[in-house]
Amino acid sequence: MTPICLVGIGKIAVDQHVPAIARSDDWELAATVSRAGTVNGVTSFTDFDQMLTERPDIGVISLCIPPVPRYDYAAKAIAAGRHVMLEKPPGATLAEVFALAGMAQKAGVTLYTTWHSRMAKGVAPAKAWLADKTITGAHINWKEDVRRWHPGQDWVFAPGGMGVFDPGSNALSIITEILPMPIHLQSAKLHFPENRDTPIAAQMQWTQNVTGDFDWRQEGPQSWDITVETTAGILNLHDGGDRLVISGENVVAGNNQEYPALYDRMAELVKNGASEVDVAPMIHVADALTLGKRLIVDPFHF
Ligand code: NAP
């Protein structure tokens, strides 16, 4: 098994990365780096440089920290000859992701910009079904409770945190994967809490009659749905892409195996000496923040 180091032992590391690595035949969690978090039975560091120096045996780093600090960690890891796996969204800006891709290529190491929602069970069959269809429209309905999924995480509302586009980028990662044609943003409305720097809700209108409704204030049942209308029937993805229904018939339903699939993919990339860098979902976020009309709404407090 290949030793791997997990950096940023917070919500997503504990919920998904640690269990996915523990169940994998490819990976052994050999160390963690976190100022506060640790994993039982695993060597922990609080300083990233120290880990890089003291553990030359660890060739692969998985970064689970928020997007703003991630670039510096990734750049150091690549400079130290390590393969790097990035949580989504892969950076705070597009340019820094392109810079990392260039560095990784030059250093001959793997860089993987993961998009976990693309690994949801319904996504690949949805893409295959849509490949030869005539699309007449599509809609994203992505509404969840920020207090439940990002408890107390003020970084999501700080510059670079992307606000509702942090989960919204999951929907964008699916739509950019399954649609057989490109789309680009035509207009957007962004709802900024008066005490915050990122939007808590957004409505988007793209070309090809594609729309999106994103909201982080939804309590009760959570909605992670995408509908695609075609001349051959309607395709629905539910549960964040895990359940696929075509013209009312259940096609596939997964059981949240996205993170194990990401680690399988990383193992494959490292083995093949390849990288996978895709910023398509982030382009739509950047476009929304460039083009969107800014509306001020009630202050938000965790
Ligand atoms: P989080 O719990 O707030 O942060 C993860 C860890 O990163 C923290 O525990 C912290 O560990 C470290 N960290 C925070 N700020 C840092 C900084 N400025 N410098 C260095 N380390 C810092 O966030 P999360 O929910 O796990 O999200 C992390 C990433 O995973 C985000 O990109 C998010 O989009 C993605 N993600 C989150 C979810 C979710 O449901 N929450 C789902 C899928 C993907 P220490 O303080 O111990 O160093």
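Each ligand, and each atom within it, is numbered from 1 in the order the structure gives.
Close approach of ligand 1 to Ser34 (heavy-atom distance below 4.0 Å) involves ligand atoms 11 (O), 45 (P), 47 (O), 48 (O). Under a 4.0 Å criterion applied to the non-hydrogen atoms of Tyr73, ligand 1 contributes the atoms 20 (C). Proximity to Lys88 (heavy-atom distance under 4.0 Å) selects the following atoms of ligand 1: 31 (C), 32 (O), 33 (C), 34 (O), 35 (C), 44 (C). For ligand 1, the atoms closer than 4.0 angstrom to any heavy atom of Pro67 are 32 (O). For ligand 1, the atoms closer than 4.0 angstrom to any heavy atom of Gly37 are 47 (O). Set against the non-hydrogen atoms of Gly8, the atoms of ligand 1 under 4.0 Å away are 6 (C), 7 (O). For ligand 1, the atoms lying closer than 4.0 Å to a non-hydrogen atom of Ile9 are 9 (O).
At a heavy-atom distance under 4.0 Å, atoms from both the backbone and the side chain of Lys11 approach ligand 1. Only the side chain of Tyr259 comes within 4.0 Å of ligand 1, counting heavy atoms alone; its backbone N, CA, C and O stay farther away. Contacts between Gln153 and ligand 1 below 4.0 angstrom, taking non-hydrogen atoms only, involve the side chain exclusively. Under 4.0 Å from ligand 1, the heavy atoms of Asp166 that appear belong solely to its side chain. Residue Ala36 touches ligand 1 through backbone and side chain together, judged by heavy-atom distances below 4.0 Å. Heavy atoms of Arg70 found under 4.0 angstrom from ligand 1 belong exclusively to the side chain.
Ile12 shares a hydrophobic cluster with Ile4, Leu6, Ile9, Val14, Val18, Ile21, Trp27, Leu29, Val39, Val42, Val60, Met85, Tyr112, Met119, Tyr259, Leu262, Tyr263, Met266, Leu269, Val270; the chain of contacts runs through ILVMFWY side chains whose heavy atoms sit under 4.5 Å apart.
Trp149 O, 3.7 Å is the protein heavy atom nearest to atom 39 (C) of ligand 1. The protein atom (non-hydrogen) at minimum distance from atom 48 (O) of ligand 1 is Arg35 N, 2.8 Å. Here the protein heavy atom with the shortest distance to atom 14 (C) of ligand 1 is Pro66 CD, 3.4 Å. Closest protein heavy atom to atom 17 (C) of ligand 1: Pro69 CG, 3.5 Å. Nearest non-hydrogen protein atom to atom 9 (O) of ligand 1 is Gly10 CA, 3.1 Å. Summary of contacts: the protein heavy atom closest to atom 21 (N) of ligand 1 is Ile65 CG2, 3.5 Å.
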Show, in sequence, the C-alpha distance, side-chain angles and deciding distance for Val251 and Trp129, and conclude whether the side-chain contact (heavy atoms from CB on, under 4.5 Å) test is met. CA-CA 11 Å; Val251 176; Trp129 189 79; over 6 Å; no

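Crowding of Asp25 atom CG: a count of heavy atoms from other residues, nucleotides or ligands under 6.0 Å not exceeding 12. Around the CD atom of Glu28, the shell of radius 6.0 Å holds more than 12 heavy atoms that belong to other residues, nucleotides or ligands. The local environment of NZ in Lys133 is crowded, with over 12 non-hydrogen atoms from other residues, nucleotides or ligands closer than 6.0 Å. Taking a 6.0 Å sphere around NZ of Lys127, one finds it holds 12 or fewer heavy atoms contributed by other residues, nucleotides or ligands. Within a 6.0 Å sphere centred on NZ of Lys88, heavy atoms belonging to other residues, nucleotides or ligands number more than 12.
Looking at ligand 1, you won't find any N or O of His116 less than 3.5 Å from one of its N or O atoms. Taking only nitrogen or oxygen atoms, main chain and side chain alike, Ala13 does not reach within less than 3.5 Å of ligand 1.
Side chains of Glu87 and His17: a donor on one and an acceptor on the other come within 3.5 Å.
In this structure, Trp149 has its ring center at least 6.0 angstrom away from the ring center of Trp142.
Asp197 and Ala158 make their closest contact through CB-C, 4.3 Å (heavy atoms, listed as atom of the first residue, atom of the second, distance).
Within the model, atoms CG of Leu295 and NE2 of His191 stand 5.0 Å from one another, a figure rounded to the nearest 0.5 Å. Put simply, CZ on Arg55 and SG on Cys5 are 8.5 Å apart, with the number rounded to the nearest 0.5 Å.
Residue nearest to atom 28 (C) of ligand 1, selected from Pro89, Cys64, Gly91: Cys64 (by heavy-atom distance). For atom 38 (C) of ligand 1, the nearest non-hydrogen atom from the set Ile12, Asp15, Asp72 belongs to Ile12.
The side-chain contact (heavy atoms from CB on, under 4.5 Å) test with His284 singles out one residue from Ile183, Leu289, Val279, and that residue is Ile183.
Ring geometry for His150 against Trp216 counts as perpendicular: the plane angle is over 60°, on a 0 to 90° scale with 30° as the lower cut.
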